[in-house]
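Please read the structure below before turning to the comments.
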There are 2 protein chains.
Amino acid sequence: MTDTRGEAIRLDGTGPVYDQIRRAIRDLILDGSWPPGTTVPPEHALMEQLGASRMTVHRALVQLAGEGLINRRRRSGTTVASPPASHAMLDILSIPDEVRRLGQVYGYDILSRQDGRPSAELAERFAVRRARPVAHLSLLHRGSGQPHVLEERIIHLDTVPDARTERFATTPPGDWLLQNSLWSQAEHAISAVAAASADAALLGIAPGEPCLLVERRTWNQEAPVTAVRLLYPGARHRFVGRFGPYGAV
Amino acid sequence: MTDTRGEAIRLDGTGPVYDQIRRAIRDLILDGSWPPGTTVPPEHALMEQLGASRMTVHRALVQLAGEGLINRRRRSGTTVASPPASHAMLDILSIPDEVRRLGQVYGYDILSRQDGRPSAELAERFAVRRARPVAHLSLLHRGSGQPHVLEERIIHLDTVPDARTERFATTPPGDWLLQNSLWSQAEHAISAVAAASADAALLGIAPGEPCLLVERRTWNQEAPVTAVRLLYPGARHRFVGRFGPYGAV
DNA sequence: AGTATCCAATTGCATATGCAATTGGCAAGC
DNA sequence: GCTTGCCAATTGCATATGCAATTGGATACT
């Protein structure tokens, strides 16, 4: 169990104390200072360190547990949780998982890779600025040999410097990024397009067939991390979600 | 301000008291006993009625407020909230809103309506049983005169009996159902299909063009309420969502 | 009638206190 | 070594109490 918590907890003095504590700890988790598995100090320690009553500290921790950021067990204490492997909306994040959940054998090929400043056309397609260096990759993911989805991705190399030397030989970049980079926000858009002939050939479908295009961009704080376009043969894929009138179920 | 709260609050004795209170009030709201706008008794009253301390009642109410089910204001008291008009995922629920958000003038036509037990083909398409009577509708929604989306819907008449006599002359069925029926859960699936020629003609696009197909089914508790298939011209539409590693942002 | 003022109802927040439940780890015994 | 039982650390929950902040409505005043 990781147990190094060098950073001191700093309250910002604005708003209720319990919320200051909640935000302070949340920030330590989200910025990576307390990685998953880290032991959070027990309530008594936080109480002394922060000069708040135990119930106030408790309230902050209970909220964080409710948000899924920490796990709490009696006697064992409180630890930083790992980001959940699957949400309804996050199920599409890991393509190997997606394929295996269908009971198929996963495989992938890197079709191309090129590093450097993006061309005008590439910058346009991914809505990024041309000044920053990126890695530009194309991949084909397969399920039991059959083409599953075509991926085109850029990775911002100054946000994720380790990606410069990573070859993605054993882990596709999407999963590698989940493990080797932090992200705080993602935006995705789903649309329907007709397959261009080059893409259709790779996916083994007829040109012009309808495909689902998932475009996703992720950021850490304000810095862009990666942007990806995933092209799914429409006849074989659908995205499913569940919710209730007041939000997710 | 509505203020009739006939039902007594019943605790079920299982789990923590604050959670019993939270669930009891939540259920009164979700099953319609306390419609939006109803005044929730003040903490002191609940405290006496339920035999719990004020802080315990408070904890339950604070949680419900966090879930968006109630609104609380000092001195004014606590009232049952209206279901939010828009969530990232719910933005697609009201087509008039969707159209107006694009700055267009909304309009719609009812293309057909037929009530009765569903045919085998219809039951198959919407994954419903044939035993129950439904209303079967087709509509075309327009934005500033242009076709926006083609809707095909069934409404379960024994779950929503008022729909038998409603003509949907001024409000399309999706919005009418939001106001005139309760729902606790929805499931939607998004896929890409090629436009059939009849649908293409109605949407003003070429046959075979890619379209986004949104299929949504909603239930109240276990009872099916409605099921709808929405066909969007793919070139003109995309669905956008935002989230963070621990859930919605 | 209009306006300024005050009061009281209601929620928001923090503390102090006590006991219950869980369980990791130690100690004792076999 | 293995098991059993106990202890203490830690979280979970409920209560009682007090004060702060907000504000609807009454009251007093012009």
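Within every chain, numbering begins at 1; the chains are lettered A, B, ... in the order of the sequence lines, protein sequences first and strands thereafter. All values derive from a computational prediction rather than experimental measurement.
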Check whether B:S144 reaches the backbone of B:V105 with its side chain - one donor and one acceptor, N or O, closer than 3.5 Å.
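At least one qualifying donor-acceptor pair exists.
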Side-chain (A:Q20) to main-chain (A:G13) donor-acceptor, under 3.5 angstrom
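Yes; judged by distance alone, with no hydrogens or angles, the pair exists.
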If we count only N and O atoms by modelled type, under 3.5 Å, do the side chains of A:T79 and A:N71 hold a donor and an acceptor together?
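Result is no, nothing qualifies.
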Just by distance, no angles: are the side chains of B:H148 and B:E98 close enough, under 3.5 Å, to form a donor-acceptor pair?
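Present: a donor and an acceptor within the cut-off.
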So do the side chains of A:E166 and A:N180 get within less than 4.5 Å of each other, counting heavy atoms only?
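In short, these two side chains do not touch, never coming nearer than 4.5 Å.
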Which letter, B, S or -, goes with each nucleotide of nucleotides 10-16 of chain D from 5' to 3', with contact meaning a protein heavy atom under 4.0 Å?
BBBBBBB
